[in-house]
K.L.:
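I have a structure I would like to understand better, so I am pasting it below and will then ask my questions one at a time.
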Amino acid sequence: MSVLPSLPVAIWETFYVTVVSTALSLVLGLPLGVLLVAGEKNGVLPLPRWLMQVINVIINLLRSIPFLILMIMVFPLSRLLIGTAVGTTATIVPLVAAAFPFVARLVESSLREVDGNIIEAAQSMGATPMQIICKVMIPESVPSLIQNVTIALTTILGYSAMSGIIGGGGLGKIAIDYGYYRYKYLVMLVAVVILILLVQLFQSLGTWLSKRCDKRLKH
């Protein structure tokens with residue numbers, strides 16, 4: 001019962017960290033995902049092969065580091081940007097570091113689904129590479145992008161709960177500090193149920209938005 005007053009704040013902290021981390025991951029991951037597709041040898045904006053290899057290696061390297069280890073590794077960066085390595089806001093830094101390579105791969109996957117004939121048609125009409133990227137590739141892949149961003153959002157939500165181990169706030173802190181360490185498993189169960197409900201909420205919203213933006217369903 002003593003934990004109940006803390007739950008609304010914990011839910012808000014989890015929501016805040018998840019949404020902000022997803023937004024920042026999209027800011028970093030979207031351009032990278034575009035480069036991975038457009039910068040290929042046969043892409044609309046070919047880049048040097050060595051540069052593409054460097055981008056791929058960095059993305060794969062960051063994706064291969066377990067999140068718990070990555071959180072500890074970026075402590076200095078958190079202190080530099082936020083002023084502290086613990087707390088709700090400080091956990092945004094490792095969450096973004098862990099999520100933006102994942103988002104980049106999801107964006108790459110979405111852009112590869114775009115019909116090549118549409119891109120060729122835009123090229124034949126004299127569209128520049130940036131026009132093709134901004135007015136053809138991204139708009140055509142919006143439904144898939146929304147679905148993949150939803151996947152990233154729910155993944156980051158799970159990561160945010162794990163950040164309670166290093167002093168992050170939110171439902172992860174409630175589950176670990178009040179539930180696990182004090183053997184109050186009911187508290188831990190309540191936190192898990194709320195996390196599941198948040199995942200369902202985000203997933204339902206993402207599916208609805210994706211269907212609303214899918215031109216094919218309107219015909």
K.L.:
Do you reckon Val199 sits in the same ILVMFWY cluster as Leu205, going by side-chain contacts under 4.5 Å, direct or chained?
P.N.:
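As far as the 4.5 Å side-chain criterion goes, Leu205 and Val199 are not connected within one cluster.
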
K.L.:
When clusters are formed by joining ILVMFWY residues with side-chain heavy atoms under 4.5 Å apart, either directly or through shared neighbours, do Ile118 and Met125 land in the same one?
P.N.:
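In one cluster with Ile118: Met125, no.
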
K.L.:
Considering non-hydrogen atoms only, spot the tightest contact between Leu70 and Ala97 and give its length.
P.N.:
CD2-C, 3.9 Å

K.L.:
Ala38: what forms a side-chain contact (heavy atoms from CB on, under 4.5 Å) with it, not counting sequence neighbours?
P.N.:
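With neighbours one apart ignored, the set is Val34, Val44, Leu45, Ile133.
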
K.L.:
So does Arg105 get a backbone contact from the side chain of Ser109, meaning a donor-acceptor N/O pair under 3.5 Å?
P.N.:
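No, the answer is negative, given that no donor and acceptor are paired below the 3.5 Å cut-off.
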
K.L.:
Please report the shortest heavy-atom distance between Val37 and Arg112, naming the atom on each side.
P.N.:
CG2-CG, 4.0 Å

K.L.:
Looking at Pro94 and Val74, what are the two nearest heavy atoms and their distance?
P.N.:
CB-CG2, 3.5 Å

K.L.:
To the nearest 0.5 Å, how far apart are OG1 in Thr14 and CG in Leu195?
P.N.:
6.0 Å

K.L.:
With rounding to the nearest 0.5 angstrom, report the CD1 to CE distance, Ile65 to Met71.
P.N.:
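Here the rounded value is 13.0 Å.
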
K.L.:
Please check if Val103 and Ile55 belong to a single hydrophobic cluster, counting links between Ile, Leu, Val, Met, Phe, Trp and Tyr side chain heavy atoms closer than 4.5 Å.
P.N.:
no

K.L.:
Could you check whether any side-chain N or O of Thr128 sits under 3.5 Å from a backbone N or O of Gln131, counting only pairs where one atom can act as donor and the other as acceptor?
P.N.:
yes

K.L.:
Scan for ring-ring contact (aromatic ring centres under 6.0 Å, His included) pairs involving residues 79-124, sequence neighbours excluded, and state none if there are none.
P.N.:
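Sorted pair list comes back empty.
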
K.L.:
Determine, using the 4.5 Å side-chain heavy-atom cutoff (strictly less than), whether Val149 and Leu30 are members of one ILVMFWY cluster.
P.N.:
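Result: yes, single cluster for both.
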
K.L.:
Kindly say whether Ile146 contributes a backbone atom to a donor-acceptor pair with the side chain of Thr150 at under 3.5 angstrom?
P.N.:
yes

K.L.:
Step by step, would you call Ser141 with Ser110 a side chain to side chain donor-acceptor pair (under 3.5 Å)?
P.N.:
CA-CA 6 Å; Ser141 61; Ser110 294; 5.8 Å; no

K.L.:
If I take atom CG from residue Leu145 and atom CG from residue Leu106, how far apart are they, to the nearest 0.5 angstrom?
P.N.:
9.5 Å

K.L.:
Listing request: all salt bridge (Lys or Arg N to Asp or Glu O under 4.0 Å) pairs with a residue in residues 49-69, at least two apart in sequence or in separate chains.
P.N.:
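For residues 49-69, and leaving out neighbouring residues, there are no salt bridge (Lys or Arg N to Asp or Glu O under 4.0 Å) pairs at all.
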
K.L.:
Measure the CG-CG distance between Leu111 and Leu36 for me, rounded to the nearest 0.5 Å.
P.N.:
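It comes to 9.5 Å.
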
K.L.:
To the nearest 0.5 Å, what is the distance between CE on Met137 and CD1 on Ile132?
P.N.:
8.5 Å

K.L.:
List in chain and number order the residues that pass side-chain contact (heavy atoms from CB on, under 4.5 Å) with Val93, two or more places apart in sequence or in another chain; answer none if no residue qualifies.
P.N.:
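Once residues adjacent in sequence are excluded, the partners of Val93 under the side-chain contact (heavy atoms from CB on, under 4.5 Å) criterion are Leu77, Ser78, Leu81, Ile82.
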
K.L.:
Of all heavy-atom pairs between Leu95 and Ser160, which one has the smallest distance, and what is that distance?
P.N.:
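Taking Leu95 first and Ser160 second, the nearest heavy atoms are CD2-N, 3.8 Å.
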
K.L.:
Under the side chain to side chain contact (heavy atoms under 4.5 Å, CB included) criterion, do Leu24 and Leu28 qualify, and how do the steps go?
P.N.:
CA-CA 6 Å; Leu24 293 175; Leu28 295 173; 5.8 Å; no

K.L.:
Evaluate the criterion side chain to side chain contact (heavy atoms under 4.5 Å, CB included) for residue pair Thr91 and Tyr159; output intermediate values, then yes/no.
P.N.:
CA-CA 10 Å; Thr91 58; Tyr159 284 165; over 6 Å; no

K.L.:
Is there a side-chain contact between Val192 and Ile196, using heavy atoms and a 4.5 Å cut-off?
P.N.:
yes

K.L.:
Measuring from Thr18:OG1 to Leu157:CG, what's the distance to the nearest 0.5 Å?
P.N.:
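Going from the OG1 atom of Thr18 to the CG atom of Leu157 covers 4.5 Å.
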
K.L.:
What are the two closest non-hydrogen atoms of Ala121 and Ser124, and how far apart are they?
P.N.:
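Taking Ala121 first and Ser124 second, the nearest heavy atoms are O-OG, 2.6 Å.
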
K.L.:
If hydrophobic clusters are built from ILVMFWY residues whose side chains come within less than 4.5 Å, do Leu198 and Val193 share one?
P.N.:
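Leu198 and Val193: separate clusters.
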
K.L.:
Glu113: which residues meet the salt bridge (Lys or Arg N to Asp or Glu O under 4.0 Å) condition with it, sequence neighbours left out?
P.N.:
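By the salt bridge (Lys or Arg N to Asp or Glu O under 4.0 Å) rule, Glu113 matches no residue at all.
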
K.L.:
Look at the side chain of Thr154 and the backbone N and O of Ile151, then say whether any donor-acceptor pair between them is shorter than 3.5 Å.
P.N.:
yes

K.L.:
Going by side-chain contact (heavy atoms from CB on, under 4.5 Å), name the residues that satisfy it together with Val19, two or more places apart in sequence or in a different chain.
P.N.:
Phe15

